[in-house]
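Below is one structure, written out as structure tokens, with a few remarks after it.
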Amino acid sequence: MSSNSLDQGYDPQRIEDSWYEFWEKEHLFAAGTEDGCNNYSIVIPPPNVTGVLHMGHALNITLQDILCRYKRLQGENVLWVPGTDHAGIATQNVVEKKLAAEGRDRHDLGRDKFVEEVWEWREEYGSAIINQLKKIGASCDWSRERFTMDEGLSKAVKKVFVQLYEEGLIYRGDYIINWCPRCHTALADLEVEYEELEGNLYHIKYPFEGSSDGLIVATTRPETMLGDTAVAVNPDDERYTDLKFEEIILPLMNRKIPIIRDAYVETEFGTGALKVTPAHDPNDFEIGTRHKLPNIKVIGDDGKMTAAAGRFEGLDRFECRKAVLKALEEEGLLIKIESNPHNVGHCYRCKTVVEPNLSKQWFVSVKPLAKKAIEAVESGKTKIIPEIWTANYYDWMYNIRDWCISRQIWWGHRIPAWTCEDCGEVIVTMEDPDKCPACSSEKLARETDVLDTWFSSALWPFSTMGWPENTDLLKQYYPTSVLITGFDILFFWVARMMMMGIHFMDEVPFDDVYIHALVRDEEGKKMSKSKGNVIDPLKVIDEYGTDAFRYTLTAFAAQGRDIKMSEQRVEGYRHFVNKLWNVARFAMMHFGDSKEFSFSKENLELSDRWILSRLNHVAATVKDALDTYRFNDAASALYKFVWHELCDWYVEISKPTLYGKKGEERQKATMGVLWQVLRDTLVLLHPIIPFVTEELWHKLPDTEGSIMKASIFHDGIDLSENGRDMAAENDMKLVTDIISGIRNIRGEMNIAPSMVLNVIIQAEDEMVRDTAKIHEDIIMEIGRLESFTIEAPGDQPTASATAIVEGVSVFVSLEGIIDFAEEIKRLEKELGKIAGEIMPLAKKLNNDGFLGKAPADVVEKVKEKHQTMIEKQEILGATIERIKSLEKS
RNA sequence: GGGCGGGUAGCUCAGUUGGGAGAGCAUCGGCCUUACAAGCCGAGGGUCACAGGUUCAAGCCCUGUUCCGCCUACCA
């Protein structure tokens, strides 16, 4: 990689892996420890160990990487902590599937052996996702990689659990929870996904004792009736105020159950009578608690009916539904079946229909924690960006319910609680106890449940930095600067980190939370395996290169809108990367063996001053955009600068100079400018496209080491207005306007580019004429002219095509080849356009309200604009008249 | 049921205190001009969803309507 010439096209495959190795070898991702610098830190949203890289990760990682690389270029200490999440249920499912394929079962193995198997699985496959993050270019400090089941993080989990228990914020009790009969575990409310399913509403008659009359109740889940312990009506329901029965017969079970009155019951629904099954419905459970009803659990944890279901024992819950309906029908108690589509909860991991079920679980009482987490956002200690998400955050936090944290699986952090088998004492402690503190019995049974995976992820921002030890890392880098994540885990994760961070660190876990878009498919649908519309990021990288892919994600990462991904778009940005490659190639050809690049301001041409001014402008734009998480603005500003300013104008204008046509001194100066602009542009682009910029940095003469160590961002570019050269920008505009006018005529009149032209311009303003004169060489070269004449307005040249640009009439002589009719048509079209532009301006100027109330500078601008348009119109009109008269003669 | 976001060129989308409607892709015409045909030059194309309102001035602010998407909720 030492040659100073570049291949004709950019080939990402050839260089990406080796640059990544280079960065790692040089420890360029290692967290800085310099004194006196800003400290910037991010913790990665840990992907599941079971995971494979998807578009969401790709976007998430790219944005974090951009910020980290950007901050490093600004000379800050940067810590980006990587790691993975043990993903309890998901991982257990994967390993169980693997066992099943081998004809084995976790119950055959037993708990310890099974957990060993999972660790082995993790050793073997857990690094896959990490390697994929590296493919994206993630500049994490890999020496600090963490796993939620690591020893240190496990200690943090224990400590948090014990403390919360001692503070009374963790409790255990019998409550209705969401039960997944397939995963065989409780789920938190958040872990249930609702989906509208076709279903029926069954109307069932519960008879009064010794009567053929009764109450008709309606239910979507008839099998739960076996566990009914009451029928409820609204106390204000007039139909039932005089009811003479206190009890009713539960059909099929022939059990007498009370008729109770509870305001929860809606009088309008059905017959106004509600069957109450406290063990299998959250609302019924609350009613049951209020009325001290017994709980009868008829559906077991395996989804089969229990002994309490009488003759239905052992049936699967859905089989039982059929059997119950058949039995009711036979007894003439099934009154009506109505179609009733309704929401049914599914396990977010395995999509099985969840069953509300009564069981003993551990809960976190989150209200007090949520309160502080709300305050932190209200006070602005933590800022959520885009701000629109704060409303969502508040809404959830205000309505938060206790968090069920116990899971009946084997893979995860085992709850540090023991029960004394002799006296029933519950012991919660960091160190495994050997005897009961109450009765000294040694018969202690350890809690078999593990904790919700999100319990450990909630500690991630500080547990990864070594908490509960008070490490240097924590002191330097906590709280983190920003958390970057998708809105889908705002509640699961962000909110919980906020609560835990504030409670245990006494400080918010992050200054900013940046919520990014979801990546969808071309049609805006969520990508999912079952839909088959998943685009594999690794395949995209393979085909187009990581840089092109990253640029695409960045350019489309506008705040508040989802990203629709298609390969065609990536292709467009591959062209951009290639364009960059080629402009570097062009520059390198001219640099040859030169080793030094310097220029003095006196030797600069207009285009040199202009491009330096534009460079400063784009640098300021990029800084401003990245500082405010407007990634797409940074990407598009750089795109425009590189392609449409640097390549389209500066390089083209500089060619004669670079080829030595204007003397050695000028040539050296322009080379110096080109070198500096290229160098600085690479640095500005590096956060977005790290690979190609590193490659080009090394090819570029007079650069040292890695581009990651470049300092131009903090001491090389003047980002203030002083960095601009407005005189150069204005003059350049005149030059490019004139050239565009000429090109327009070429295009419209189908004049071959090879044909050189004779052009006369007329301008009223002497300064304009002078400026044009000074830069006539540029105009002649780029406009491909044979002659260029500058005049004050006077007689218009005959047989020419005309273009009117700001304050200048451009006449392209077309002696002998002009088609007058065509030219008149063209000019009239132009005249029509101008008339369209004048109209709204004139309207404003005729409006006293506007003149009186609009700010003076706005009025002035409109007046000026109007004036130039009128002038343009007059010249065009005169030109048309003249050609018409020529045509006649 | 409640809440939020969106509707701008054929397509995908920008448009930051209200003050001249933009980009990329696609389309059409012309070019192998010594970095790049993954390129260069030029052109066409929009009642900014609809209806009102505020204002001298509205894509942008307010009200209503409509369509799409998402989140959330205990009507059995």
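Quick caveat: nothing in here was measured; it's all calculated off a predicted structure.
- Because its NZ or CZ atom is both nearer than 6.0 Å to the ring centre of A/Phe556 and within 45° of the ring axis, A/Arg569 counts as a cation-pi partner of that residue.
- Between A/Lys861 and A/Glu864 there is no salt bridge, since none of the side-chain N atoms of the basic residue sits less than 4.0 Å from a carboxylate O of the acidic one.
- Ionic pairing of A/Glu823 and A/Arg826 is present here: one or more N-O contacts between side-chain nitrogen and carboxylate oxygen are shorter than 4.0 angstrom.
- The phosphate of B/rG24 has OP1 or OP2 within less than 4.0 Å of a side-chain N or O from A/His644.
- You'll find a donor-acceptor pair under 3.5 Å spanning the side chain of A/Tyr264 and the base of B/rC74, going by distance alone.
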Seminar exercise, completed: Given protein heavy atoms under 4.0 Å, the one-letter contact record of nucleotides 33-38 of chain B, with B base, S sugar-phosphate only and - none, is simply SBBBSB
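- If you check every strand for non-hydrogen atoms under 4.0 Å, A/His280 touches nothing.
- A/Arg401 CZ: 12 or fewer foreign heavy atoms inside a 6.0 Å radius.
- When distances run from any side-chain atom of A/Arg569 to the nucleotides B/rA76, B/rU12, B/rA14, the shortest one goes to B/rU12.
- Under the salt bridge (charged side-chain N to carboxylate O under 4.0 Å, His left out) criterion, the residue pairs touching residues 268-291 of chain A are A/Arg221-A/Asp281, A/Asp228-A/Lys275, A/Asp262-A/Arg290, with sequence neighbours excluded.
- Taking 4.0 angstrom as the limit, A/Asn392 places none of its side-chain polar atoms (N or O) nearer than this to OP1 or OP2 of B/rG3.
- Two residues are said to be in side-chain contact when any heavy atoms from C-beta on lie closer than 4.5 Å; A/Phe631 and A/Leu59 fail this criterion.
- Under the 4.0 Å criterion applied to side-chain N and carboxylate O atoms, A/Lys733 and A/Glu806 are not assigned as salt-bridge partners.
- For A/Glu786, the salt bridge (Lys or Arg N to Asp or Glu O under 4.0 Å) criterion is met by no residue, not counting sequence neighbours.
- By the 4.5 Å heavy-atom criterion applied to side chains, A/Tyr629 and A/Tyr514 are counted as neighbours.
- At the heavy-atom level, A/Val265 lies under 4.0 Å from base atoms of the strands shown.
- As judged by a 4.0 angstrom heavy-atom cut-off over every strand, A/Glu266 is placed among the base-contacting residues.
- A straight line from CG of A/Asp281 to C1' of B/rA73 spans 14 Å, rounded to a whole angstrom.
- As a whole-Å value, the separation of A/Ile400 CD1 from B/rU72 C1' is 14 Å.
- Comparing B/rA23 with B/rG5, their C1' atoms are spaced 23 Å from each other, to the whole Å.
- Comparing the C1' positions of B/rU55 and B/rG42 gives an interatomic distance of 41 Å, to the nearest angstrom.
- Listed candidates were B/rA14, B/rC74, B/rG30. Nearest to the side chain of A/Asn750 is B/rG30.
- Atom name C1', nucleotides B/rG22 and B/rU54: the rounded distance is 27 Å, in whole Å.
- The pair A/Arg743-A/Glu748 does not meet the salt-bridge criterion, since no charged nitrogen lies less than 4.0 angstrom from a carboxylate oxygen.
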Identify the pairs formed between an N or O of the protein and an N or O of nucleotides 56-59 of chain B at a distance under 3.5 Å, and give each distance.
from	atom 1	to	atom 2	distance (Å)
B/rC56	OP1	A/Lys853	NZ	2.2
B/rC56	O2'	A/Asn847	ND2	2.7

Exercise. Given Watson-Crick or G-U pairs with both distances under 3.5 Å, what dot-bracket string fits RNA chain B, with | for other-strand pairs and [ ] for crossing?
Worked result: (((((((..((((.....[..)))).(((((.......))))).....(((((..]....))))))))))))....
For residues 835-856 of chain A, run the donor-acceptor check on the side chains, cut-off 3.5 Å, and write out each pair with its distance to 0.1 Å, sequence neighbours left out.
from	atom 1	to	atom 2	distance (Å)
A/Asn846	ND2	A/Ala842	O	3.2
A/Asn847	OD1	A/Gly849	N	2.8
A/Asn847	OD1	A/Phe850	N	3.4

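- A/Lys863 comes within contact range of no nucleotide atom at all, as no heavy-atom separation falls under 4.0 Å.
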